Visitor: 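Sharing a structure below in structure tokens format, with a few things to ask.
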Protein chains: 2
Amino acid sequence: MRKISSRFSIATHILAMMAFNHPLTGDQMAGSVQTNPVVIRRIIGQLKKAGLVNVKAGTGGARLTRDADQITLLDIFNAVEVVEDNVLFNFHEHPNLDCPIGANIERSLRRTMSEAQAAMEDKLARVTLRQLAGELMELE
Amino acid sequence: MRKISSRFSIATHILAMMAFNHPLTGDQMAGSVQTNPVVIRRIIGQLKKAGLVNVKAGTGGARLTRDADQITLLDIFNAVEVVEDNVLFNFHEHPNLDCPIGANIERSLRRTMSEAQAAMEDKLARVTLRQLAGELMELE
DNA sequence: CTCGTTGTAACCATTATAGTTACATCGATT
DNA sequence: AATCGATGTAACTATAATGGTTACAACGAG
């Protein structure tokens, strides 16, 4: 299967940079991530929409809207990895209603899927941007 | 982002069917899942490679290689959702080494990613095909 | 007014998914 | 032996996500 996109790691990287150096331009971030500035701007756009980041027009520069310990990795994940109905697992859509097994399996399988997703999200929710930067931020 | 493919739910569906009706043909499964038989055969191929299923050549018919309580949803997931290096999360590949943040973030972010994946897998590992079928299997 | 920056639009190449047709091959039955 | 249903693949298609790219309008500060 396809991996979860690099938008998540890129977003986390640039947000961590913002936690140190306050106003940062897209080109500076693109230099650190080593990708095209437009890729960065698209991600910044998603982070803005999620309310994690403010961008100054004209002169440029992005900064966090709150403290790094108020932003979890789940906040970042949900900002850049948007999935339909916030449901990660697909379920084949036309199971034959004449098949008693399909009908009965669906409910419990969907529940397990949902629990699995929730367990993953919980791990992301327990780590803040602050914790991630960790030792580095002590030096500030 | 893209959802996890329907192969997982389809594979679980047809394995649950096999837990009841022992030798099952691909066309019967395709009828219950309501998809093309070739899609089923491709999934069966993956389940065979993972050692979960036996297929009788010529006359046809697939059956489980072990009891339904010896097959977990994680077994099924790993059989049909193969991801490079078994690592679900991507990490952008050329972070600039001159950026101290990128370098320092990578290790801890990768750890959290790995924990999140493990938490999800653990939920899948705790449910067996037998448990999923649940009440239905009591009637056997 | 100019300059650097941002926000988008418009492409492009690559890849995964899901479906489809076609066909060689196998084993059992007649 | 010939036939029949079933499996295993190859080949092709359409659709969509990802990641990169160029181009350009708009904005604010100097």
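Please read these numbers as outputs of a predicted model, since none were measured by experiment. Chain identifiers are assigned alphabetically (A, B, ...) following the order of the sequence lines, protein sequences preceding nucleic acid strands; residue numbering begins at 1 within each chain.
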Visitor: Looking only at the side chain of B/E81 (C-beta and beyond, no hydrogens), which of the listed nucleotides C/dT17, C/dG19, C/dG7 gets closest?
Guide: C/dT17
Visitor: Can you name the nearest heavy-atom pair linking B/T112 to A/K123, along with the distance?
Guide: CG2-O, 4.2 Å
Visitor: Assuming nearest nucleotide by heavy-atom distance, tell me which of A/R7 and A/K56 is located more 5' along DNA chain D.
Guide: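 Its nearest nucleotide being more 5', the pick is A/R7.
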Visitor: Looking at D/dG20, C/dA18, D/dT7, which one has an atom nearest to any side-chain atom of A/N36?
Guide: D/dG20
Visitor: Between C/dG7, C/dA10, C/dG19, which nucleotide gets closest to the side-chain atoms of A/V55?
Guide: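 In terms of side-chain proximity for A/V55, the closest of C/dG7, C/dA10, C/dG19 is C/dG7.
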Visitor: Please state how far atom CG in B/L47 lies from atom P in D/dT7, giving the value in whole angstrom units.
Guide: 13 Å
Visitor: Check whether any side-chain nitrogen or oxygen of B/K48 sits under 4.0 Å from OP1 or OP2 of D/dT7, and answer yes or no.
Guide: no
Visitor: When you match B/T35 and A/G26 each to their closest nucleotide on DNA chain C, which lands nearer the 5' end?
Guide: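 Result: A/G26.
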Visitor: Grab the CZ-C1' distance between A/R42 and D/dA23 for me, whole Å please.
Guide: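 Checked: the CZ to C1' distance equals 13 Å.
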Visitor: Using a cut-off of 4.0 Å on non-hydrogen atoms, how would the nucleic acid contact of A/K3 be classed: base, sugar-phosphate, or nothing?
Guide: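 Here A/K3 touches no strand at all.
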Visitor: Base, sugar-phosphate or nothing for A/G60? Non-hydrogen atoms, less than 4.0 Å.
Guide: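 Sugar-phosphate: the residue A/G60, judged by heavy atoms under 4.0 Å, touches backbone atoms but no base.
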Visitor: Measuring from the side chain of A/N90 (C-beta onward, heavy atoms only), which nucleotide among C/dG19, D/dT18, C/dA18 has the closest atom?
Guide: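 Nearest nucleotide to the side chain: C/dA18.
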Visitor: Considering only side-chain heavy atoms of A/T25, which listed nucleotide, C/dT17, C/dT5, D/dG20, is closest?
Guide: C/dT5
Visitor: Could you state the NZ-P distance from B/K49 to D/dG8, rounded to the nearest angstrom?
Guide: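 Rounded to whole Å, this separation is 13 Å.
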Visitor: Just the rounded figure in Å: distance from C1' of C/dT6 to CZ of A/R41.
Guide: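 The answer, rounded to whole Å, is 6 Å.
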Visitor: The side chain of B/V38 lies closest to which of these nucleotides: D/dG19, D/dT7, C/dA22?
Guide: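 The closest nucleotide is C/dA22.
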Visitor: Check B/P95 against B/E106 and note the closest heavy-atom contact, atom names and distance.
Guide: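 Reported closest heavy-atom pair: CG-OE1, 3.8 Å.
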Visitor: Which heavy-atom pair separates A/V53 from A/K48 by the least distance, and what is that distance?
Guide: O-CG, 3.4 Å
Visitor: Taking atom P of C/dT17 as reference, at what distance in whole Å does atom CZ of B/F8 sit?
Guide: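 The distance from CZ of B/F8 to P of C/dT17 comes to 14 Å, rounded to the nearest Å.
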Visitor: Do you know the tightest heavy-atom contact between B/A68 and B/A19?
Guide: CB-CB, 4.1 Å
Visitor: Closest-nucleotide mapping onto DNA chain D: is B/A57 or B/R2 further toward the 5' terminus? I mean the 5' end.
Guide: B/A57
Visitor: Taking atom P of C/dA18 as reference, at what distance in whole Å does atom CD1 of B/I10 sit?
Guide: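 In whole Å, C/dA18 P and B/I10 CD1 are 7 Å from each other.
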Visitor: Considering non-hydrogen atoms only, spot the tightest contact between A/T72 and A/A125 and give its length.
Guide: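 It is CG2-O, 3.4 Å.
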Visitor: Return no unless some side-chain N or O of B/S6 is found under 4.0 Å from OP1 or OP2 of C/dT17.
Guide: no
Visitor: Taking all heavy atoms of B/S32 and all of B/H13, pick out the closest pair and write down the distance.
Guide: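 In this case the closest contact between B/S32 and B/H13 is O-CE1, 3.7 Å.
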Visitor: Under 4.0 Å, counting only non-hydrogen atoms across every strand here, what does A/G45 touch: a base, just sugar-phosphate, or nothing?
Guide: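 Nothing, no nucleic acid heavy atom in range.
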Visitor: Whole-Å distance between C/dT6 C1' and A/M29 CE?
Guide: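 After rounding, the reported distance stands at 11 Å.
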Visitor: Provide, to the nearest angstrom, the distance between the CD1 atom belonging to B/I43 and the C1' atom belonging to D/dT7.
Guide: 15 Å
Visitor: Does C/dT6 have its OP1 or OP2 closer than 4.0 Å to a side-chain nitrogen or oxygen of A/T59?
Guide: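 Negative; the distance criterion is not met.
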